[in-house]
Amino acid sequence: MAEAKTVHSPLLTYVSMLSLLTLCPPFVILLWYTMVHADGSISQTCDYLKQHGLQGFINIWPRPTAIAWKIIACYAAFEAVLQLFLPGKRVEGPISPAGNRPVYKANGLQSYAVTLITYLSLWWFGVFNPTIVYDHLGEIFSALIFGSFIFCVFLYIKGHLAPSSTDSGSSGNIIIDFYWGMELYPRIGKNFDIKVFTNCRFGMMSWAVLAVTYCIKQYEENGRVADSMLVNTTLMLVYVTKFFWWEAGYWSTMDIAHDRAGFYICWGCLVWVPSVYTSPGMYLVNHPVNLGTQLALYILVAGILCIYINYDCDRQRQEFRRTNGKCFVWGKAPSKITASYTTTSGETKSSLLLTSGWWGLSRHFHYVPEILAAFFWTVPALFNHCLPYFYVVFLTILLFDRAKRDDDRCRSKYGKYWKSYCEKVPYRIIPGIY
């Protein structure tokens, strides 16, 4: 069995593991409480906690209810059925460290379309009102916190007893194994890929479903949807649509091809994405802002442009890899470095590193438009409260950390070739600055 490598030092892993376990669950509940019940004001929540102490916090933590479990179960089962049974193109992932090549069925865009059409139809025909989801949001988040923890325990046990491939193994440390994961590509049976489900079909799909939910809730409450909510919802939906359009490309990224299925990534996708990523829309439900047509259009266009550039960065690299460098990048033949590396089984293989186009500006330039897009779908909330901007701040920290981890991994994988790549593309994220 291949040894699981720690991505950070053991001390940092323990600190982040313990802080994630102890701080993130209460943060999710406090975020929901502040957005929904404390007018989006951090100081109002702090005053409440000062006054009532720990007991006050226990009082605001909603207990998972039967309706919350039912909503989660129906949604999860629906997405699992779509993932398994909707037709899709056969797609091969990148070769893994152990020399395996995972095979996927690319039916994300179809699943996304069916999900949104079904959800809106249930509302339109009066079968199910999405405002029920908003009204029970605290209980749903609470159920997700506990349910996802149990799911991560299942992944840990499965990694020990029944790994799906040779891309699995133990570091010998229970905390690191639970946190970073045991398996790279866990599956149930031959076809049900767990990471595709948690990251894409549950996490990313819930982002779109909740964005629509917040919009409908504001409409039902006020009889209209404010232009700020329309801009926020439209940009989030454009971003998630872009994600599912490009989902097969996502399967070659760090999340799927390098990060194992543990607490870090699975709990994050099952709990953090639905709660934190959607939080600007959650705030706008009770804080409708009228931007005016001109400002709303400026924000909308700027946001769509950022999402397009983010997509084009990924498309450019995907096309470069697909054609083995025999393509045009910005109208010219691409400049590239051929880097050889050795797999864990001792085979020598080679990769092409693109050094022109968007990828000539910086090594992770695609993170710049991604952070800006998040800013543009948050800015309709204006600046009365800072909490709606938590996601933008979190995303910036996440992506800067990911860029560093990716650089460290590539340095150890490619050695001298990575050094010459960094000489050619000296900036990590922001061209000319960092």
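Remember, it's a predicted structure, so these values are computed and weren't measured experimentally.
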Check: [X] side chain, [Y] main-chain N or O, donor-acceptor pair, under 3.5 Å:
X    : Y    : result
H287 : D39  : yes
T233 : L230 : no
T355 : S335 : yes
N107 : L86  : yes
Q110 : P87  : yes
R101 : S96  : no
Q218 : A226 : yes
D227 : G292 : yes
S41  : A38  : no
E139 : I67  : no

Restricting to non-hydrogen atoms, name the atom on [X] and the atom on [Y] that form the minimum distance, rounded to 0.1 Å.
X    : Y    : result
L354 : P334 : CD1-CB, 3.7 Å
C313 : H366 : CB-CB, 3.5 Å
L387 : G40  : CB-O, 4.1 Å
L284 : A381 : CD2-CA, 3.8 Å
I60  : I29  : O-CG2, 4.2 Å
L237 : A208 : CD2-CB, 3.8 Å

With a 6.0 Å cut-off on ring centres, are [X] and [Y] close enough?
X    : Y    : result
F141 : W32  : no
W359 : F320 : no
F383 : Y389 : yes
F390 : F27  : yes

Under the side-chain contact (heavy atoms from CB on, under 4.5 Å) rule, what do V36 and Y134 come out as? Steps first, then yes or no, please.
CA-CA 10 Å; V36 175; Y134 179 85; 3.7 Å; yes
Criterion salt bridge (Lys or Arg N to Asp or Glu O under 4.0 Å) on R201 and E247, from CA distance to verdict
CA-CA 10 Å; R201 307 309 169 78; E247 189 188 45; 2.9 Å; yes
Would you mind reporting whether [Y] and [X] have side-chain heavy atoms less than 4.5 Å apart?
X    : Y    : value
L31  : S279 : yes
F146 : P25  : no
L210 : L137 : yes
M229 : Y219 : no
Q316 : C327 : no
F78  : V114 : yes
V271 : C24  : no

Should the heavy atoms of other residues, nucleotides or ligands under 6.0 Å from [atom1] of [X] be counted, would the total exceed 12?
X   : atom1 : value
W69 : CH2   : yes
K70 : NZ    : no
I58 : CD1   : yes
F57 : CZ    : yes

Check whether Y104 forms a cation-pi arrangement with R187 (NZ or CZ under 6.0 Å from the six-membered ring centre, at most 45° off the ring normal).
yes
Please tell me whether [X] and [Y] have a donor and an acceptor in their side chains that are separated by less than 3.5 angstrom.
X    : Y    : value
T213 : Y119 : yes
T131 : E220 : no
Y214 : T278 : yes
Q55  : N59  : yes
Q318 : S252 : no
Y112 : T241 : yes
Y48  : Q44  : no

For [X] and [Y], take the angle between the two ring planes, folded into 0 to 90°, and tell me which bin it lands in: parallel under 30, tilted 30 to 60, perpendicular over 60.
X    : Y    : value
Y277 : Y391 : tilted
Y414 : W418 : parallel
F202 : Y75  : perpendicular
W267 : W272 : tilted

Between D167 and R260, is the salt bridge (Lys or Arg N to Asp or Glu O under 4.0 Å) condition met? List the steps.
CA-CA 9 Å; D167 283 291; R260 293 183 174 204; over 6 Å; no
Salt-bridge contact [X]-[Y] (side-chain N to carboxylate O under 4.0 Å):
X    : Y    : value
R315 : E319 : no
D406 : R409 : yes
R411 : D408 : yes
K105 : D193 : no

Starting from the C-alpha separation in whole Å, work towards a yes-or-no answer on side-chain contact (heavy atoms from CB on, under 4.5 Å) for S111 and Q83.
CA-CA 7 Å; S111 298; Q83 183 179 331; 5.5 Å; no
side-chain contact (heavy atoms from CB on, under 4.5 Å) between T34 and H385, intermediate numbers included
CA-CA 11 Å; T34 307; H385 295 292; over 6 Å; no
Candidates Y311, Y367, W330 - the one meeting ring-ring contact (aromatic ring centres under 6.0 Å, His included) with W358:
W330
Which of these, I429, V425, L399, sits in a side-chain contact (heavy atoms from CB on, under 4.5 Å) with H364?
I429
Checking I265, I72, N199, T198 against L270 for side-chain contact (heavy atoms from CB on, under 4.5 Å), the one that qualifies is T198
Let me know which of K195, R405, R402 forms a salt bridge (Lys or Arg N to Asp or Glu O under 4.0 Å) with D255.
R402
Going through the checks in order, is the side-chain contact (heavy atoms from CB on, under 4.5 Å) test met by Y427 and L361?
CA-CA 7 Å; Y427 296 104; L361 300 177; over 6 Å; no
What verdict does the ring-ring contact (aromatic ring centres under 6.0 Å, His included) test give for F376 and Y298, after you've listed the backbone C-alpha separation in whole Å, the side-chain angles of each residue and the deciding distance to 0.1 Å?
CA-CA 10 Å; F376 285 122; Y298 282 152; over 10 Å; no
